[in-house]
Amino acid sequence: MNMIRKLFIAGFAAAAVVGFSVSQSNAQERGGTLVMLVQPEPPTLASYVSTSGPVGQVATKVFDGLLEYDFDLEPQPSLAESWTVSDDGKTITFNLRQDVTFHDGEPFTSADVQFSIMDVLKQRHPRGPLTFKEVTEIETPDDHTAILHLANPAPYLLMGLSSYESPMIPKHIYGEGTLDDHPNANEPIGTGAFTFVEWRRGQYMRFDRNANYWKEGQPYLDRIVASFIPDSSTRTAALELEEAHIAGFGAVPYSDVNSLDALPHLEATTSGYQMQAPIVQLDFNTRREPFDNQKVRQAISYAIDRQFVIDNVWFGFGKAATGPISSVFAVTGMYTDDVREYNVENGQEIAEQLLDEAGYPRDDNGIRFSIVHDITPYGEEWQRYGEYTREALRNIGIEVRLRTEDVPTWLRRIYTDYDFDLTNNWIQTLADPVIGAHRLYHSDQIRPGTVFVNGSGWSSPETDELMDRAAIEVDQDRRNAIYHELQQKLVEAAPYVWVHELQFATVYNNNFQDLIVSPLGIYTSFSEAHQAQ
Amino acid sequence: VSSPIAVFRYLARRLLQAVPIILGIVVLNFLLLQLAPGDAADVLAGEAGSATPEYMEQLRRRFGLDQPVYVQLLLYVKNVITFNLGFSFRHNMPVLNLILDRLGPTLLLMLTTLVLSVGFGVLLGLLAAMRVHGWRDTLISITAIIAYATPLFWIGLMLILLFSITLRWFPASGMESVAAFHEGWDRVVDIAWHLVLPAVSLSLFYMALYTRLMRATVLEQQGKDYVVTARAKGLTESQVTFRHILRNAVLPVVTMAGIQVAGLLGGSVIIESVFGWPGLGLLAYQSLFARDFNLLLGIFFFSACLVVIVNLIVDLLYLLLDPRIELR
């Protein structure tokens, strides 16, 4: 509990500091080119049909969303000046700003909102069909009012309207022709702080200041260049040499973050990832012996020393996880740590006892059973984390063989063929459990061929029912109570081991300020960013 | 000496022969890639972090992945014959445009490397062989062995450490200064500046190879009858070396360089990755992991053509270097 209180305080302090510097920044002078490292090079700029990590980092400079968010995860005005939700939760009315134009000079209107949500996001976006599932119709009584009519209340919907998650795109451009190979897919036109200039593949993308941006005086920077450097050591060198000024997510290896932070011109922060809320896990295949047995799963959960993993594999960047919902949701009251506690001193003893009870005694060689452990192919940490898991499980009498494959092969194995015992993994739990967490636990999310859903095969009418209720509960307190119960039930059943809440590091040149001003971090417009004076 | 008509005929025949070879390569590549598990839709959805089943199905339909393999193959071959390399769904761009974008930087790095490594390789090899077992020979041979044995990525990183981070003489990454947007001559100078480290790193390795090859062939040639004859005619030692030995000894080096052009494409993946050089090797590497097979097949097709052309050029170079060789 103490830990959480500390985090709270840290969160408030961070929010306060940011709030302070924002209010100070009103008189910022213009100028400067910011070079941001983006890794890997985005496959496309069409953020309305792709949520690939690096796409968000570049497309959010060009597109705005209806809303933005503060560090308390509260919605803030953006293209929507204000909004009201009806008492039954089935009607949401957005009042749009009247002074917004797209980069081609055309005004932004409610027709664009209708088009973006109904014709594009709800149809073509990887997560949009889920976010806008309940939206049946969007009414546009005038150019600056958009009324969303819902079949059922959708309390999570207001969390999914950022420029990263649901960009607003011009109907008069993207409504022409087909979306698949639209000529503006990679030459985007939005309302955002920066206009797209060019994309030299393999090298850089260039975005210039939008002089007609609707935020008074912003953006301050003249230009943003996204630079692509495939080698991590070279990226580190580029930051050191000031050839580049900011890098986030995994672009700087954890092993280099602290040494870069120590340089006078560079700073590191872990803020700005609150709306990603990634959790590092071990996924069981609950269809198969021995992981169809709850006691075996619990035993493995007891055997993992969370802090050891954080300190030794992730260079200290992480916080022990307690369950399926990240502690960043503490600010909304959704999170609870009042669940079965696996991260205990005598975890190994309890694990051995549970395995005995489950009917898996040690044989003459001290081995209970053997499994294959798959490694998520997203970088070195996962290999080392796998090696740790192998040793931790060997201590409780489980023999583990590690298997490493490339990304498509691994995805196929875990999410289509279900041909695995145990894999390490990480999941972004995003801005709301309905959008982020449900897909891992609901039985209707066992969907062969769809990646990062319920690959574990966990299925329980009890937890399904809780999630169904939470999805449509409008009252925040009642909704929180449902989620508390869900966390307790899931943690007890242990279809996954929730190891730690992953912290990403953003390293930036302190010649630039006000870069990270929202829980979406580098997935925002950088309109407030400016050079130090 | 072969007449221009004979050369032309020879060229035409060789190019005609290349067609079935390249088609064979295309089919073989296509079939080999089918062995890789997982597809482009898996990867795209994997990067997205999440996707609905409808989205996945829609992707597969768009990519043509819902068709049987033989239909996909026939379609592809048909397209290649009409010089249509297809569309990269991942990049949302025609494959040809993607490749042409990268061809310039690739050729720039490749040709610079080729010139540097063959030039210095021949020179150093000759120097070493002229005074065998002297201090110069020992120095050159040891340097060559070290350069040959050192991993490319390590050479690259060490050059960055020394010349970029410590001395600040050269930039660490990219092909040009991304924030500056130079134009005209400034841009040429800027690119040349960025080219130095990657070209030197890549050249070191190949230079070592050519140095050793050159040294060995020069030594071999020195004992030949024509050298004795030349000396007997009263030519000076340098005349013997440059007019007679050099010309004969350089043939194996040219052959080797021709073969290695293909390897140069592959070897440059590492250098392109370390220095952020926007070349074809890196694009191929990335598209393999993205299962972007249209793009990958397109690159393979280009490389196959490149190898055929370079080999043809090498064969013609023989004619220049050694007039005794005749076309058949």
Side-chain angles (χ1 to χ4, degrees), chain A residues 33-35 40-41 43-44 46 50-54 124-130 180-182 185-186 200-204 206 223 225 227-231 233-235 237-238 240-241 243-244 405-413 415-416 427-428 430 436 439 447-453, chain B residues 36-58 60 62 87 89-93 98 101-102 105 153 156-157 160-161 164-165 168 171-181 272-279 282-283 286 288-292:
Chain A
T33 296
L34 177 82
V35 179
E41 181 170 3
T44 167
S50 172
T51 46
S52 290
R124 310 297 304 274
H125 190 268
R127 296 192 284 259
L130 202 62
D180 287 339
D181 43 10
H182 198 281
N186 290 328
R200 284 282 185 83
R201 285 187 170 62
Q203 300 187 63
Y204 62 81
R206 173 175 158 184
R223 184 175 290 162
V225 177
S227 169
F228 316 121
I229 303 175
D231 186 82
S233 312
T234 315
R235 287 196 294 274
E240 207 175 324
L241 290 171
E243 286 177 15
E405 294 167 323
D406 78 346
V407 176
T409 312
W410 177 80
L411 288 171
R412 195 43 81 87
R413 179 183 292 284
Y415 293 106
T416 304
I427 281 297
Q428 317 238 28
L430 302 171
R439 60 191 159 124
R447 299 172 157 184
T450 303
V451 300
F452 296 114
V453 289
Chain B
D39 62 26
D42 281 330
V43 178
L44 275 180
E47 288 171 345
S50 59
T52 62
E54 299 77 31
Y55 179 74
M56 302 281 292
E57 200 184 312
Q58 185 187 308
R60 294 209 164 94
R62 243 181 87 202
F87 196 78
F89 294 102
R90 181 182 176 75
H91 294 275
N92 223 336
M93 256 178 106
L98 277 167
D101 267 3
R102 303 289 189 103
F153 78 91
L157 288 177
I160 290 180
L161 194 64
S164 299
I165 294 182
R168 312 234 161 180
S173 71
M175 191 172 86
E176 43 190 315
S177 308
V178 287
F181 298 101
E272 285 171 17
S273 155
V274 167
F275 289 97
W277 191 265
L282 193 59
L283 188 66
Q286 287 164 345
L288 175 63
F289 287 100
R291 299 288 192 266
D292 188 350

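Scope of the values below: all heavy atoms of this structure, side chains included, with no hydrogens, waters or symmetry mates. In what follows, every chain begins at residue 1, and chains take the letters A, B, ... in the order their sequences are listed. None of the values given here were measured: they were computed from a predicted structure.
- For B:Leu282, the part lying under 4.5 angstrom from a heavy atom of chain A is the side chain only.
- With chain A as partner, the option from B:Ala36, B:Gly276, B:Ala290, B:Ser173 having the largest number of non-hydrogen pairs under 4.5 angstrom is B:Ser173.
- Partners of A:Arg124 under the salt bridge (Lys or Arg N to Asp or Glu O under 4.0 Å) rule, at least two apart in sequence or in another chain, are A:Asp180.
- Using a 4.5 Å cut-off between heavy atoms, A:Thr33 contacts chain B through its side chain alone, with no backbone atom that close.
- When heavy atoms are compared at a cutoff of 4.5 Å, B:Asp292 does not approach chain A at all.
- Interface remark: B:Leu98 contributes side-chain atoms only to the contact with chain A (heavy atom separation under 4.5 Å).
- Heavy-atom pairs under 4.5 Å with chain B peak, among A:Ser233, A:Pro54, A:Pro408, at A:Pro408.
- Contact count against chain A (heavy-atom pairs under 4.5 Å) is highest for B:Phe289 among B:Phe289, B:Phe275, B:Trp277, B:Phe87.
- In plain terms, the two heavy atoms of B:Ile165 and A:Ala237 that are nearest each other are CD1-CB, 3.7 Å.
- In this structure, the side chain of B:His91 does not engage the main chain of B:Met93 through any donor-acceptor pair within 3.5 Å.
- Residues passing the ring pair (Phe, Tyr, Trp, His ring centres under 6.0 Å) test with B:Phe153: none are found, sequence neighbours excluded.
- The backbone N or O of B:Pro278 lies less than 3.5 Å from no partner atom in the side chain of B:Glu272, so there is not a single donor-acceptor pair.
- Proximity to chain B is limited to the side chain of A:Leu411, based on heavy atoms less than 4.5 angstrom apart.
- A side-chain donor-acceptor contact under 3.5 Å links A:Arg235 to the backbone of A:Pro230.
- Looking at A:Arg201, the atoms closer than 4.5 Å to chain B (heavy atoms on both sides) sit in the backbone and in the side chain alike.
- Heavy-atom distances place the side chain of B:Ile160, and not its backbone, under 4.5 Å from chain A.
- Checked by atom type and distance alone, the side chain of A:Arg439 pairs as donor or acceptor with a backbone atom of A:Phe452 at under 3.5 Å.
- For the set A:Gln203, A:Arg413, A:His125, the count of heavy-atom pairs under 4.5 angstrom toward chain B peaks at A:Gln203.
- In terms of non-hydrogen atom pairs under 4.5 Å with chain B, the most contact-rich of A:Ser227, A:Pro43, A:Ala46 is A:Pro43.
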Might you work through the salt bridge (Lys or Arg N to Asp or Glu O under 4.0 Å) test for A:Asp406 and A:Arg412, ending with a clear yes or no? CA-CA 10 Å; A:Asp406 78 346; A:Arg412 195 43 81 87; over 6 Å; no
